[in-house]
There are 2 protein chains.
Amino acid sequence: MGPAIGSDQPASTEGLRRRNTSLVLRSLRMHGPATRAELAKRTGLAKATVGVIVGGLAEAAAVDEADSVPGGRGRPGRPVTLTGGGLLGLGLELNVDYVSAVLLDLGGRVRLSETRPATDAARLPALLELARDVVRREPGGRLVGAMVAVPGLVRGDDRSVAWTPNLDATGLAADVEAALDGRCRVSVGNDANCAAYAESHHGAATGVAHALYLTGTVGIGAGIVSDGRLQRGSTGFAGEVGHMPIGDSTARCGCGRRGCWEASVGLHAMLTAVGMPELATPLRSAQAVAARAPADPAVREALARLGEDVGLGLAVLANVLDPEVVVLGGYFVPLGEHVLAPARRSLDERLPSAAQRRPELRLSTLGMEAAALGAAELALEGVFSGDVPVG
Amino acid sequence: MGPAIGSDQPASTEGLRRRNTSLVLRSLRMHGPATRAELAKRTGLAKATVGVIVGGLAEAAAVDEADSVPGGRGRPGRPVTLTGGGLLGLGLELNVDYVSAVLLDLGGRVRLSETRPATDAARLPALLELARDVVRREPGGRLVGAMVAVPGLVRGDDRSVAWTPNLDATGLAADVEAALDGRCRVSVGNDANCAAYAESHHGAATGVAHALYLTGTVGIGAGIVSDGRLQRGSTGFAGEVGHMPIGDSTARCGCGRRGCWEASVGLHAMLTAVGMPELATPLRSAQAVAARAPADPAVREALARLGEDVGLGLAVLANVLDPEVVVLGGYFVPLGEHVLAPARRSLDERLPSAAQRRPELRLSTLGMEAAALGAAELALEGVFSGDVPVG
DNA sequence: GACTTAAGTTCGAGTCTCGTACTTAATGGG
DNA sequence: CCCATTAAGTACGAGACTCGAACTTAAGTC
């Protein structure tokens, strides 16, 4: 009669252990190292149970036990730290002009990260080689999962790509899986979603349960994190906000229509507005504009108008989704307050101030590797959610 | 380091049983009656386990065992039906001009439902009396939970109301709890959210995991069901779409700004456009308009323009959320295709047709009691999710 | 009436969590 | 220097649960 609510998998006693293990892992991740006794208090589990679970984690090399730290009254405890050396998640990004990889361990530390330029037919081979290289350089540890971020639409199966603008991604998951010698399952995800997840775990929205990430390149896309979970919609299309009818209703968009949001706030619109040329990458272009702004009031004014339209679109998104934090990425980062300040103003004007507070606007801090980092985090998600055994 | 992913509660063996019990319940609810053997196949549990679980459910009067139905080869099975007589959820709605109540059992059957007109100071007493009456008339069975739907903003605690437009709802949860003699916990929810949940379980979007519900009264609000779960945002404000800057940018809104969506598609905008007066309720007003439309081309044209703006706003929502079905409620229902057809057209124009399919637009089938029904369903949710023991 | 087929139950084995009791490792006072 | 105190961690038995295999039961089939 109704859609699914809980898990549709039968739960066994082993599943129980996995759940509680993941509970301990999350506690270590979120609140830092702790003794077994502290962990028992934090998780609500019995001391004995925590002892067994930590034992298992130590055996899997997921945690390390520090020396006891005396000072208190009774027997001092040995703090358990999440090193996570044993378990690794691989995140990859296949983009229009570069590929990148991030290898992340359970403890949240980036073990390796690398970006290589690549275009056209060289992209996929470059990605596969990068994946092989990265895994080869970290021989210890078990690869728990891998995910490839792609600028395109990914179907609900997490594998097949429904549509990409400028590159071919058919068979991508299988190709990467082969490059990794079938060491783990490979899934595919949308780049904005991955970046949003990265920001909510490592970046400008760390620890925020309701966050929104906005990509800023030629196109504008959003990644939606709600209640700590990525929202993907019924066909994986959720967050494709570039073509909302917002902003200058006469602006012609690359999609053939008029009035799309990205026709007002996409990279090309911005460059046209300030009257500057497009450089090799969106970031470069924006840096050039930012460098010019202090001396050129016309540029500043153009950016202010842009910021207003950004705020207008964010007002729509805020009214629909009510996020706590909005992170702007891509070309918005170099422009900083030139765009943020007017965006905040127009956002304020459009929110019913009585009850709703404005979501905080922040700039991305993760740079080029945001999507790959988020993909790596998503590759590890199964462990933290208790779906994948750590042993 | 990151937001919560899994459950933050420790899992015991009893929790295990609850989970598996809820698995059996959901299977019965979604796929209908089945023998124990069939249930074992559907859920993946062992035959023995299903036997024990069904035994417990029978003891709690949640299921009934029919006579065996011969015809096949071996020993015929006894189909188990979800009657759910023992366990009840109470849904209430406190609205501007009426109060209503729905009593729902675990099997999804509406046991009682009643609406009474009430305004101003008489509202709350009327609601409390209605709640008492409804519970008194169904003495058998255990009240598992109760929820009150309110046209306003509800905080994350599910109890306190941050803001309501035209009525006072402070202390509402406690008052209702007292009226029910503390028989169960009472929570409070937003009316659009409740109605959305009702549509996704009993109405026009039954069984749809990604659904959007649009209220149509003086104000316009949305209820968002994503992956079967209600989306409420960081402060409970998610879905407050009435003041998105969409439609006629010069239209003056009740909130003081111009260009809000509900200034173009709210009840007052519609009535002004067709040049007809407001009657006692939004539904009456719309029925009068619908009655006039066949004979009056000017009315039809006004509704077509309205429908276009409805589609424009839905295009925004579809791009952000990617729902499978959109259900229109409130005053939109009597107007039917007069609004739906142009809305579909303008929606099609604004969706990147290459990859995205248009969400299906449907009219609500639940009438006035949608919100109360959804509230009742939400009151039972704990049982289906395994958080509340059925014994 | 014997055989086949499939549903449902019984039973023992294996896991898991939990509370209690116990051991261990530190501090502090006599 | 020794012993009480305090608190961390472990050992162990009780209880709950799932599972597979064996068993019983109720039909149809030859």
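What you are looking at is a predicted structure, and each value in this text was computed from that prediction instead of being measured. Throughout, protein chains are lettered first and strands after them, A, B, ... in sequence-line order, and every chain is numbered starting at 1.
- Within 4.0 Å (heavy atoms only), A:Arg73 reaches at least one base atom of the nucleic acid.
- Spacing between atom CG of A:Leu23 and atom P of C:dC18 amounts to 10 Å, rounded to whole angstrom units.
- Heavy-atom nearest nucleotides on DNA chain D were determined for B:Glu14 and for A:Ala37, and the one closer to the 5' end corresponds to A:Ala37.
- Along DNA chain C, the nucleotide nearest to A:Gly74 and the one nearest to B:Thr13 differ in position, and the one closer to the 5' end is contacted by B:Thr13.
- Base engagement by A:Ala48 is indicated by at least one non-hydrogen atom pair under 4.0 Å involving a base atom.
- For B:Arg26 and A:Asp8, the salt-bridge test passes: some basic side-chain N is under 4.0 Å from an acidic carboxylate O.
- Taking atom CD of B:Glu65 as the reference point, atom C1' of C:dA7 lies 11 Å away to the nearest angstrom.
- Ionic pairing of B:Asp387 and B:Arg19 is not present here: no N-O contact between side-chain nitrogen and carboxylate oxygen is shorter than 4.0 angstrom.
- Under 4.0 angstrom from either OP1 or OP2 of C:dT17 there lies no side-chain N or O belonging to B:Ser12.
- Taking atom NZ of A:Lys47 as the reference point, atom C1' of C:dT24 lies 12 Å away to the nearest angstrom.
- Counting to the nearest Å, the P atom of D:dA8 and the CG atom of A:Leu39 are 12 Å from each other.
- The phosphate of C:dA25 (OP1 or OP2) has no side-chain N or O of A:Arg78 nearer than 4.0 angstrom.
- Here B:Asn20 does not reach the OP1 or OP2 of D:dC17: none of its side-chain N or O atoms lies under 4.0 Å away.
- Atoms CZ (A:Arg19) and P (C:dC16) sit 15 Å apart, rounded to a whole Å.
- Checking the phosphate oxygens (OP1, OP2) of D:dA8, no side-chain nitrogen or oxygen of A:Thr35 falls inside 4.0 Å.
- B:Arg142 contributes a side-chain N or O that, together with a main-chain N or O of B:Val390, makes up a donor-acceptor pair within less than 3.5 Å.
- As a whole-Å value, the separation of B:Arg17 CZ from D:dC19 P is 10 Å.
- Side-chain contact check for B:Ser160 and B:Arg155: at least one donor-acceptor pair (N or O, by modelled atom type) lies under 3.5 Å.
- Checked for salt-bridge contact, B:Arg109 and B:Glu377 miss the test: no charged N lies under 4.0 Å from a carboxylate O.
- One can place CD of A:Glu38 at 13 Å from C1' of D:dG9, the figure rounded to the nearest angstrom.
- Counting to the nearest Å, the C1' atom of C:dG19 and the CG atom of A:Leu45 are 14 Å from each other.
- A donor and an acceptor atom never sit less than 3.5 Å apart when one is taken from the side chain of B:Arg75 and the other from the base of D:dA26.
- Which of D:dG9, D:dC19, D:dA27 sits closest to the side chain of A:Arg36 comes down to D:dG9.
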